[in-house]
Amino acid sequence: MHHQLLAPESPAAPKAERRPHSVTHHGVTLEDPYAWLKDPTYPEVKDESILGYLRQENDYFESVMKPYEGLTETLFAEIKGRVKEDDAGVPWAEGAYDFYWAFAPGAQYRTWYYRPRAVSPFAEGDWQVLLDETAEAGEREFFRLGALAVSPDGRYLAMSADTSGAERFAIRVKDLTTGLWHDTEVEESSGEVVWTSDSSAFYFVRVSKEWRPFLVCRQPLKGGKPVPLYEEKDASFFVHIAESSSKAQMVIRISDHVTAEVWSVPLAAETPKPVCVSPRRTHHDYFVDHGVDGFYVRSNKDHKNFGLYRTDDAAAGEAAWVPVRMGDDRLYIHGFSLFKGFTVLEEREEGLDRIRILAAGGEHTVDFPEDVAEAAVGHNAEYDQPFVRLAYSSMITPATVYDYDVAARELTVRKVQEIPSGYDRDAYHTERVMIEARDGTLVPVSLVYRKDWIRGTAAPLHLYGYGAYGLGMSPSFSASRLSLLDRGFAYAIAHIRGGDELGYGWYEAGKLDHRTNTFNDFVDVAKGLIASGYTTAGHISISGGSAGGELMGAVANQAPELFRAVVLHVPFVDVLNTMLDADLPLTPIEWPEWGNPIEDKAAFETIRSYCPYTNIAAKAYPPMMVTGGLNDPRVTYWEPAKWTAKLRATKTDNNLLVMKINMGAGHGGKSGRFERLHEVAEEFTFVLMAFGKAD
């Protein structure tokens, strides 16, 4: 029998009260004795019995983890030691200025710098502070910068910030010539800012009290009320704005997870009339940008893996879209960027990232050092620059910033993530394996381990997954992860259905009535790793966050015996109740993803069959750590709270179950760069405790 992580006899774990509550849908009555944990006045949580229970859980978490705080501090010091204290970004030129950001030693937040444009942004010269995030954050528990946008004339800086984790951003404007802040301030925005061509006003998106971005407004700099430009009436669609590559147009994109509608707005117009590029129709998803030679559209109208099209006139309709490059069953086009002399495509073939350049003289792909890696377009500030800045990493290669000279076809390294405490890439090995799921589908798995790790020795393995919204998980580098690898773990990412690693069809095969493929794939990957000798049953710890936390709950219900420990971050575990609550901000936009159980009995039955909270049963579960955020607008705090309360009252084992709710943060946890690492150290401590390696 292997080591067990048992709940201590003292202090006793908190017990949440049970209060009778039931609802009936489609003739089925759902009993939910922990429904009271959802405060009816949310997003404000004032009910003392709820806050009291959350504090009890936090106190229990602290007391259980206290004997191991030495290990947590060791891990934190290790992880922090891999972060460059005075880290700085790669400088760039944009408009009248050069820019870069840097961290002061010990600082949790960045400072942004600028100077009048020099011959090259890499030249020596004097820099001034543009914005000091540390000063902006002050004593606040949470701070997150949204936009940082300098006006076209170079005079004004617009910045947006979220100071609670609730993702409601305030926008302020600074006059760079005087250093003074303007009176003009916008509250309750999504954080996005786009300047007009003449620098006299900026556009922003208002969020509703339910946190839905719905209204595009123009805010004159000279004060006065914001002028509405576009309002979205359908609660199941969110609104976003962006400046086009050419800087001549603003793009308004209205979308849920599968359907989009895009409007273009000329930024030079004083009283602009938005033009619709293609009216929304269900399942037509598309993205628009503007260059000197017209509008470019990435659309799935002809193939689910998208194609790139060009049109002279935004209003001409789809008939006028000329194909530039088409995706197919093997080729997935998942992004594009426009430059004056060329276009850059982000593609995936057989699940591997590729960067393709389309230029007047033909097309080619960028040659990278490794096949299995993450390669993406980075921050490219100027439309007429002759290079494209790229971001690259693999499971053993630290994050690298390249500038790719398109004419010379040459990569120049601009920055490699520095690991101050030292990192020997040659000490580690990464590989990609395909594991067959129960329906015969081959699922890719990315693995990394030290070269002295030996297969077939029942060494511990940590398995991570997400599998939702078509958000593929890249085989990218993590400095924190080295703390597990150096303690004898292998680390694996399961590229399960629901993400888009193998194209858009991979996403479709893990949503709606195919949702259970995601959970089955993860369990089958675990079994496959056991069968092929990478580990043994009971030697796998697992983690996931948000929809990946839902994954954790579902697989813990399905195959608890496989896992030594489960970590659920901000987990979306109360899927059925949340999808039945049309008043929650994110519910209507989520129906195309999960199904609408209010109107559709089949969707109700499907969600009920896998919903983690609904399916907690009287059986043994592995040790579990659960996290949440009181201000989280995406996965509300009561999901992890209800899951923990019900699981503790129902399970038959005495394994440790702890929950930590951040009382001053949202979906991403704490905001400072080191605070966040402390939470990683706590998670790793818990995993090591479960393996009996916490001494």
Side-chain angles (χ1 to χ4, degrees), residues 39 41-46 50-51 54-55 58-59 61-62 76 79-80 83 85-89 101-113 129-149 157-174 179-193 204-211 213 545-546 569-570 585 627-637 640 660-682:
D39 194 321
T41 64
Y42 181 83
E44 291 186 66
V45 186
K46 299 183 185 141
I50 295 173
L51 291 167
L54 298 180
R55 287 191 198 104
N58 281 348
D59 292 346
F61 176 84
E62 294 299 329
F76 176 62
I79 295 169
K80 190 179 173 190
V83 175
E85 285 268 349
D86 56 349
D87 195 16
W101 57 260
F103 285 100
Q108 299 270 15
Y109 302 101
R110 292 178 168 92
T111 303
W112 299 76
Y113 297 91
V129 172
L130 179 69
L131 184 83
D132 179 350
E133 286 188 47
T134 304
E136 291 292 324
E139 296 300 305
R140 292 187 180 96
E141 224 179 308
F142 186 93
F143 176 84
R144 181 173 149 214
L145 183 68
L148 202 59
L157 168 72
M159 60 88 70
S160 63
D162 167 16
T163 52
S164 74
E167 301 186 45
R168 296 168 185 275
F169 291 81
I171 302 170
R172 293 159 60 216
V173 176
K174 185 180 190 176
L180 299 174
W181 290 96
H182 246 261
D183 303 339
T184 310
E185 194 166 328
V186 171
E187 301 281 348
E188 301 287 303
S189 88
S190 68
E192 298 160 330
V193 176
F204 69 92
V205 183
R206 179 81 70 203
V207 291
S208 67
K209 69 176 193 314
E210 303 82 17
W211 182 72
S546 199
H569 290 296
V570 292
T627 70
L630 194 64
N631 300 335
D632 188 341
R634 293 169 186 266
V635 175
T636 48
Y637 75 88
K660 179 186 182 182
I661 298 282
N662 262 320
M663 301 303 262
H667 198 61
K670 298 261 178 80
S671 56
R673 65 171 171 158
F674 299 128
E675 286 291 327
R676 201 176 277 141
L677 300 180
H678 205 272
E679 299 187 334
V680 176
E682 284 176 339

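What's counted below: heavy atoms across the whole structure, side chains too, no hydrogens, waters or symmetry copies. These numbers come from a predicted model, not from an experiment.
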Participant: Once you round to the nearest 0.5 Å, how far does CH2 of W101 lie from CZ of R110?
Facilitator: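 It comes to 4.5 Å.
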Participant: Minimum heavy-atom separation for L145 to S160, with atom names?
Facilitator: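 So the minimum-distance heavy-atom pair works out to CD1-O, 3.5 Å.
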Participant: Taking all non-hydrogen atoms of both residues, which atom of G191 and which atom of A147 are closest, and how far apart?
Facilitator: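 That closest heavy-atom pairing would be O-CB, 3.2 Å.
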Participant: Without swapping roles, check the side chain of E185 against the backbone of R172 for a donor-acceptor pair under 3.5 Å.
Facilitator: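 Side chain of E185 to backbone of R172, a donor-acceptor pair under 3.5 Å: no, none is there.
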Participant: Would you call E682-K660 a salt bridge at under 4.0 Å N-O?
Facilitator: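 Result for this pair is yes, salt bridge flagged.
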Participant: Look at the side chain of D39 and the backbone N and O of K46, then say whether any donor-acceptor pair between them is shorter than 3.5 Å.
Facilitator: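 Yes, because the side chain of D39 sits within donor-acceptor range (under 3.5 Å) of the backbone of K46.
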Participant: Any side-chain to backbone donor/acceptor pair from T627 onto V570? Under 3.5 Å, distance only.
Facilitator: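 A pair under 3.5 Å: yes.
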Participant: State, without any angle test, whether N631 and E167 hold a side-chain donor-acceptor pair at a distance under 3.5 Å.
Facilitator: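 Short answer, no.
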Participant: Give, for atom CZ of F76 and atom CG of L677, the distance between the pair rounded to the nearest 0.5 Å.
Facilitator: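 Rounded to the nearest 0.5 Å, the CZ-CG separation comes out at 6.0 Å.
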Participant: Find out whether E85 and K80 are in side-chain contact, i.e. whether some heavy atom of one side chain is under 4.5 Å from a heavy atom of the other.
Facilitator: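 With C-beta onward as the side chain, the pair touches.
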Participant: Within 45 degrees of the axis of the six-membered ring of F103 and under 6.0 Å from its centre: does R673 put its NZ or CZ there?
Facilitator: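 Satisfied, under 6.0 Å and within 45°.
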Participant: One pair to check against side chain to side chain contact (heavy atoms under 4.5 Å, CB included): T163 and F142. What are the steps and the verdict?
Facilitator: CA-CA 5 Å; T163 52; F142 186 93; 5.8 Å; no
Participant: Hey, could you give me the OH/CG distance between Y113 and L131, rounded to the nearest 0.5 Å?
Facilitator: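 It comes to 11.0 Å.
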Participant: Using the test salt bridge (Lys or Arg N to Asp or Glu O under 4.0 Å), find all partners of D59 that sit at least two apart in sequence or belong to another chain.
Facilitator: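 Checked D59 against salt bridge (Lys or Arg N to Asp or Glu O under 4.0 Å); zero matches.
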Participant: Once you round to the nearest 0.5 Å, how far does CG of L630 lie from OG1 of T636?
Facilitator: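 Atom-to-atom, L630:CG and T636:OG1 are 10.5 Å apart.
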Participant: Kindly say whether E136 contributes a backbone atom to a donor-acceptor pair with the side chain of R140 at under 3.5 angstrom?
Facilitator: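 A pair under 3.5 Å: yes.
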Participant: Could you state the interatomic distance from CZ (F169) to CD (E192), rounded to the nearest 0.5 Å?
Facilitator: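 With rounding to 0.5 Å, CZ (F169) is 9.0 Å from CD (E192).
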Participant: Using 30° and 60° as the class limits, which term best fits the ring planes of Y637 and Y42: parallel, tilted or perpendicular?
Facilitator: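 Judged by the thresholds at 30° and 60°, the geometry between Y637 and Y42 is tilted.
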Participant: If every non-hydrogen atom of F143 is compared with every non-hydrogen atom of A137, which pair is closest and at what distance?
Facilitator: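 Nearest heavy atoms, F143 then A137: CB-CB, 3.5 Å.
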Participant: With side chains defined as the heavy atoms from C-beta onward, is the minimum distance between R206 and E188 less than 4.5 Å?
Facilitator: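 Yes, side chains in contact.
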Participant: Less than 4.5 Å apart, side chain to side chain, heavy atoms only: is that true for L148 and W112?
Facilitator: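 Counting from C-beta outward, L148 and W112 do come under 4.5 Å.
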Participant: Compare all side-chain heavy atoms of M663 with those of R55 and state whether any distance is below 4.5 angstrom.
Facilitator: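 Result yes, sub-4.5 Å side-chain heavy-atom pair found.
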Participant: To check you understand the geometry: which heavy-atom pair defines the closest contact between E679 and N662, and what is its length?
Facilitator: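 Looks like OE2-ND2, 3.0 Å.
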Participant: Let me confirm one number: the CG-CD1 distance from L51 to I661, rounded to the nearest 0.5 Å.
Facilitator: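 Here the rounded value is 11.0 Å.
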Participant: Is there a side-chain contact between I50 and V45 in this structure, where contact means two heavy atoms from C-beta onward sitting under 4.5 Å apart?
Facilitator: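 Yes. Closest side-chain heavy atoms under 4.5 Å.
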Participant: Show the nearest heavy-atom pair for residues T134 and A107, with the distance to one decimal.
Facilitator: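 That would be OG1-CB, 4.0 Å.
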